[in-house]
Amino acid sequence: MVDLEDEYKRNKDLHEDDLNTLQGWVQKQPHLPPILQLAIFFHSCYWSMEQTKTTIEKFFTYRGAWSDFFANQNPNNSTVKSHMETSLCAILPSPTPENYKIVLYKLMNSDVERFATKEEFKIFDMCMMMELMQKGTSDGCVLVCDLREATVAHALKFDITATRRIMLYLQEALPVRLKGLHFITMAGIVNLLMPLVKPFMKKELLTLLHFHDSYESLCKFLPREILPADLGGKGPTTRELHEDMQKSFTDYSDFFVEQESFVSNESLRDGRPSYIDKDLGVGIGGSFKKLDID
């Protein structure tokens with residue numbers, strides 16, 4: 001776990017009184033688990049107390065409700081292990097000039113039979129949770145999805161509900177400061193993905209969304225030298241990153257098993273309505289925008 005003292009040194013706007021206030025609020029929410037990473041949530045919300053409370057609610061509620069995305073993350077599980085072999089998701093060693101971390105997702109096996117949207121997102125989530133718990137806050141994150149090996153058959157495996165949940169989690173629950181979202185793929189895949197993704201994206205994130213047909217196009221936004229060596233950069237190769245990812249996930253299998261218990265327990269809510277979209281399998285209905293927080 002990242003040391004809280006390191007977070008205080010890293011973030012001059014992080015104050016003990018604010019974290020004590022948040023901790024006091026969490027203790028009054030019987031449905032929430034103990035939360036050790038409050039500084040990460042507070043930082044991701046640019047020090048807004050009320051936004052932090054909302055993000056915490058969404059993070060733990062979504063993770064509890066959407067078990068197909070967030071449960072069964074044990075790297076020793078045969079299904080998880082298979083998808084760990086299929087996909088790479090890693091934080092590149094060198095940040096951008098703005099000091100943003102680059103999260104690279106890449107298909108390492110193009111066999112469409114081995115591709116499953118929810119399982120691929122599970123690999124992404126495992127990467128992000130381990131990074132957040134080990135390294136803590138960062139100035140921002142840029143997501144790069146290399147889908148050059150993806151085909152129309154891969155794209156057709158996306159469905160509206162899964163896409164909506166992924167976009168909600170990325171925009172409203174994941175405690176990072178998103179600074180860019182880049183897809184590298186062929187035009188035909190873009191034409192299939194955009195109608196699925198765009199309706200669920202906030203206006204602010206749409207300005208960060210970019211599609212590319214090559215790494216040459218991506219390098220208009222990111223310095224080439226920080227990319228993996230086999231993609232034209234000077235960093236470790238994608239094969240090396242993939243091997244490191246699989247080893248790290250396996251070494252920290254206990255962490256991923258433990259993470260599954262840190263979710264919202266809806267049966268312990270104190271009687272106030274949860275106001276979460278029942279179409280997404282959460283709560284009793286309504287909109288999260290009406291969430292009652294005090």
Side-chain angles (χ1 to χ4, degrees), residues 37 40-46 48 51-52 54-71 73 83 87-92 96 100-107 116-133 137-147 150 155 157-185 190 193-211 221 259 263-264 276-277 279-282 287-289 291:
Q37 61 272 40
I40 295 173
F41 284 98
F42 198 35
H43 172 274
S44 73
C45 296
Y46 296 88
S48 166
Q51 186 60 48
T52 301
T54 302
T55 300
I56 288 172
E57 277 278 10
K58 293 179 178 182
F59 178 85
F60 291 101
T61 303
Y62 289 169
R63 295 183 74 86
W66 302 338
S67 58
D68 47 349
F69 284 91
F70 300 109
Q73 292 190 350
H83 287 281
S87 303
L88 159 69
C89 191
I91 312 297
L92 298 188
T96 70
Y100 300 154
K101 292 182 178 181
I102 300 177
V103 186
L104 174 65
Y105 169 85
K106 175 177 167 55
L107 270 180
T117 306
K118 295 173 184 177
E119 297 299 330
E120 301 310 312
F121 187 76
K122 188 175 293 186
I123 300 301
F124 165 80
D125 181 67
M126 292 168 70
C127 172
M128 294 304 299
M129 289 304 101
M130 194 163 73
E131 180 71 12
L132 285 170
M133 294 305 102
T137 60
S138 65
D139 292 344
C141 283
V142 177
L143 309 186
V144 176
C145 299
D146 184 347
L147 300 178
K157 284 199 165 186
F158 283 83
D159 64 76
I160 291 177
T161 299
T163 304
R164 185 180 179 194
R165 290 181 179 183
I166 290 170
M167 296 314 300
L168 276 175
Y169 184 77
L170 285 177
Q171 297 174 99
E172 301 181 1
L174 184 65
V176 300
R177 297 180 177 181
L178 283 175
K179 298 295 184 178
L181 183 55
H182 298 267
F183 288 89
I184 308 170
T185 187
V190 175
L193 290 180
M194 276 302 288
L196 273 175
V197 173
K198 192 172 181 179
F200 308 126
M201 294 187 71
K202 294 180 178 180
K203 189 189 325 183
E204 307 93 290
L205 193 58
L206 272 174
T207 64
L208 304 177
L209 176 65
H210 303 277
F211 288 93
F221 297 85
Q259 280 290 108
V263 298
S264 171
I276 308 170
D277 193 338
D279 293 335
L280 293 176
V282 184
S287 167
F288 225 130
K289 294 180 180 178
L291 187 65

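Since we're looking at a predicted model, the values are computed, not measured.
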Quick one: does L178's side chain get under 4.5 Å of E204's, heavy atoms only? no
In this structure, OG of S67 is separated from CD of Q73 (nearest 0.5 Å) by 11.0 Å
D68 side, atom CG; K122 side, atom NZ - distance, nearest 0.5 Å: 7.5 Å
Taking everything shown except I160 itself, do over 12 heavy atoms lie less than 6.0 Å from its CD1? no
Could you tell me whether F70 and F59 have their ring centroids closer than 6.0 angstrom? no
Residue pair L193 / F158, side-chain heavy-atom distance below 4.5 Å: yes
Atom of L208, atom of K179 and distance for their closest heavy-atom approach: CD2-O, 3.6 Å
Enclosure of K198 NZ (heavy-atom neighbours >12, cutoff 6.0 Å): no
For a 4.5 angstrom cut-off between non-hydrogen side-chain atoms, does L209 reach M194? yes
Taking all non-hydrogen atoms of both residues into account, name the closest pair between E57 and T61 and its distance. O-OG1, 2.6 Å
Could you check, using the six-membered ring where one of them is a Trp, whether F124 and Y105 have ring centers closer than 6.0 angstrom? no
Any side-chain heavy atom of L104 within less than 4.5 Å of one from L88? yes
F69 and F121: aromatic ring centres closer than 6.0 Å? yes
Atom CE of M201 and atom CG of L170: how far apart are they, to the nearest 0.5 Å? 8.5 Å
Tell me whether D125 is salt-bridged to R63, with the criterion being a basic N under 4.0 Å from an acidic carboxylate O. yes
Output the distance between atom CE (M133) and atom CD (Q37), rounded to the nearest 0.5 Å. 4.0 Å
Of the non-hydrogen atoms in M128 and C141, which two are nearest, and what is the gap between them? CE-SG, 4.3 Å
If I compare all heavy atoms of F41 with all of P175, which pair ends up nearest, and what's the gap? CD2-CB, 3.7 Å
List the steps, then state whether side-chain contact (heavy atoms from CB on, under 4.5 Å) holds for I102 with T96. CA-CA 7 Å; I102 300 177; T96 70; 3.8 Å; yes
Would a line drawn from the ring center of F221 to the ring center of H210 be shorter than 6.0 Å? yes
Do H182 and V142 come within less than 4.5 Å of each other through their side chains, counting heavy atoms only? yes
Test side-chain contact (heavy atoms from CB on, under 4.5 Å) on I184 and K106 and set out the steps. CA-CA 10 Å; I184 308 170; K106 175 177 167 55; over 6 Å; no
Within the 4.5 Å heavy-atom criterion, are E131 and K101 side-chain neighbours or not? yes
Check the pair T137, V176 against side-chain contact (heavy atoms from CB on, under 4.5 Å), reporting the backbone distance first and the verdict last. CA-CA 8 Å; T137 60; V176 300; over 6 Å; no
Which heavy atom of L107 sits nearest to which heavy atom of S87, and what is that distance? CD2-OG, 3.9 Å
Exam field: side chain Q51 to backbone F42, donor-acceptor pair closer than 3.5 Å: no
Please assess T185 against V190 for the test side-chain contact (heavy atoms from CB on, under 4.5 Å), listing each intermediate value before the final yes or no. CA-CA 7 Å; T185 187; V190 175; 3.6 Å; yes
In the structure I gave you, are the side-chain heavy atoms of E172 and K202 within less than 4.5 Å of one another anywhere? yes
If you measure from SG on C145 to CD on E120, what distance do you get to the nearest 0.5 Å? 11.0 Å
Between atom CD1 of I166 and atom OH of Y62, what is the distance when rounded to the nearest 0.5 Å? 13.5 Å
May I ask you to test the R177-H43 pair for a side-chain heavy-atom distance under 4.5 Å? yes
Grab the two heavy atoms, one from L196 and one from D159, that are nearest each other, plus how far apart they are. CD2-C, 4.2 Å
